[in-house]
Amino acid sequence: MPISVSHVQDALRQLGGEAQIGDILRKVLEIAPLPHPPSARNVIRGRLYQFSSQTSSYKSGTPDLFESVDGLAANTGRWRLKDYQREAVSSDVVLEDTEAEIEAAEGRRRLRVHLARERSRSLIKVFKASLPTFACEACGTNMGDIYGPLGEGYIEAHHRVPVASLKDGEKTRVADLAALCPNCHRMIHRNDLMSVEDLATHMSARRPSLAIAAEPDTGEWRDD
């Protein structure tokens, strides 16, 4: 049975209405009956494009179901259900930072309310305090070396296990976090949550003196 648009809709609903395309793929493969097409990722992307008025694949009269969160040009691979009505905020979902964000785009103002999975600020604080160095685990870059005092002590905490995939009651440990510079953090999320070790291996091949977390290359990406 082919992967249908309803499978993509159901996957996004189960992921909270918004997710990276890699997470959508994994959820669709859980939902859709076998056999799965070998190009399942491309099929899912095709469904997203076919039913999104942001794309050139969209045809007038077709239901406008999906939208790229950051815009297609940004190429972040993050999609959401366009008219998804989120349920009341539960204990693991909170309004992030501010309840509403005013955006200005080409002079037109839009009010957007963001819901996100809760991340423990205290855990991140403990994690950063435990670091012997603020060098990126993938490329070895220390932001202080680049920006001087402006970048001293800056590093981002990456969840090796995506918060969106955690089940009720599951906990995140300090060991489940990785220290990444902003560029490597973005590259990992852009490439279907590839592992820190795989990105380090990639960077080591390009810039041997920088990567510090590389492991022997297996020839395959390993999902976090």
Side-chain angles (χ1 to χ4, degrees), residues 8 11-12 14-30 40-42 44-45 48-49 52 54 66-81 84 92-94 96-97 101 112 114-121 123-124 127-128 131 134-141 143 146 151 154-167 170 172-207 210-215 217 220-224:
V8 181
L12 275 168
Q14 293 186 32
L15 292 168
E18 178 180 316
Q20 208 78 22
I21 193 167
D23 293 329
I24 299 172
L25 169 61
R26 282 185 279 275
K27 184 58 67 175
V28 166
L29 294 182
E30 291 177 12
R41 179 187 174 88
N42 290 335
I44 291 170
R45 181 182 283 110
L48 292 167
Y49 275 54
S52 172
Q54 291 177 312
F66 311 111
E67 63 183 355
S68 170
V69 175
D70 303 303
L72 295 175
N75 197 30
T76 59
R78 193 161 189 84
W79 288 83
R80 63 178 162 223
L81 287 168
Y84 181 70
D92 65 337
V93 181
V94 297
E96 192 171 89
D97 296 331
E101 176 185 357
R112 301 178 64 189
H114 293 277
L115 291 174
R117 291 278 184 178
E118 183 179 14
R119 287 166 170 76
S120 171
R121 295 181 184 276
L123 180 66
I124 301 300
F127 168 69
K128 292 184 178 181
L131 295 174
F134 288 101
C136 173
E137 291 184 35
C139 73
T141 298
M143 302 304 288
I146 299 175
Y154 182 81
I155 198 72
E156 295 185 358
H158 166 65
H159 289 70
R160 293 176 180 271
V161 179
V163 174
S165 69
L166 294 178
K167 299 178 181 178
E170 286 188 313
T172 298
R173 304 167 301 164
V174 170
D176 296 325
L177 303 175
L180 295 176
C181 70
N183 284 346
C184 287
H185 203 176
R186 174 63 71 178
M187 287 300 103
I188 278 179
H189 281 273
R190 185 186 184 195
N191 290 280
D192 297 339
L193 288 174
M194 64 188 293
S195 72
V196 174
E197 290 73 24
D198 280 327
L199 181 58
T201 298
H202 174 79
M203 294 302 294
S204 180
R206 294 179 59 83
R207 299 157 68 186
L210 292 183
I212 61 174
E215 293 181 351
D217 189 5
E220 297 179 349
W221 293 129
R222 295 188 303 278
D223 290 331
D224 285 326

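In this chain, numbering begins with 1 at the start of the sequence shown.
In this structure His189 satisfies the side chain to side chain contact (heavy atoms under 4.5 Å, CB included) test together with His158, His185, Leu193, sequence neighbours excluded. Remark: Arg41 pairs with Asp192 by the salt bridge (charged side-chain N to carboxylate O under 4.0 Å, His left out) rule, at least two apart or across chains. Partners of Asn191 by side-chain hydrogen bond (donor to acceptor under 3.5 Å, both in side chains), not counting sequence neighbours: none found.
Remark: Met194 CE to Leu199 CG distance equals 5.0 Å, nearest 0.5 Å. Distance check: Met203 CE to Cys136 SG gives 8.0 Å after rounding to the nearest 0.5 Å. Distance check: Glu137 CD to Leu180 CG gives 6.5 Å after rounding to the nearest 0.5 Å. Distance CD/Gln54 to CZ/Phe66: 12.0 Å, rounded to 0.5 Å. Of the inter-residue distances, the one linking Gln14 atom CD with Glu30 atom CD reads 7.5 Å to the nearest 0.5 angstrom. A distance of 7.5 Å separates OG in Ser68 from OH in Tyr49, rounded to the nearest 0.5 Å.
Tested against Asp23 for a side-chain contact (heavy atoms from CB on, under 4.5 Å), the candidates Leu15, Leu12, Val28 yield a single pass: Leu15.
Side-chain N or O atoms of Ser204 include none that pairs as donor or acceptor with a backbone N or O of Ala200 at under 3.5 Å. In terms of modelled atom types and a separation under 3.5 Å, the side chain of Gln20 and the main chain of Thr76 share a donor-acceptor contact.
Among all heavy-atom pairs drawn from Ala40 and Leu29, the shortest one is CB-CD2, 4.0 Å. Annotation for Tyr154 and Met143: closest pair O-CG, 3.6 Å, computed over non-hydrogen atoms. Of all non-hydrogen atoms in Leu123 and Thr172, the two that sit nearest each other are CD2-O, 3.5 Å. Among all heavy-atom pairs drawn from Ala179 and Phe127, the shortest one is N-CZ, 3.5 Å.
Within the 4.5 Å cutoff, side-chain heavy atoms of Val8 are placed close to those of Ile24. Trp79 has its side chain out of reach of Val69: every pair of non-hydrogen atoms, C-beta onward, lies at least 4.5 Å apart. Side-chain atoms of Arg186 and Glu156, non-hydrogen and from C-beta on, never get closer than 4.5 Å to each other. Residues Leu48 and Ile21 meet the side-chain proximity criterion, which asks for heavy atoms closer than 4.5 Å. Counting heavy atoms from C-beta on, the side chains of Leu177 and Arg160 never come closer than 4.5 Å.
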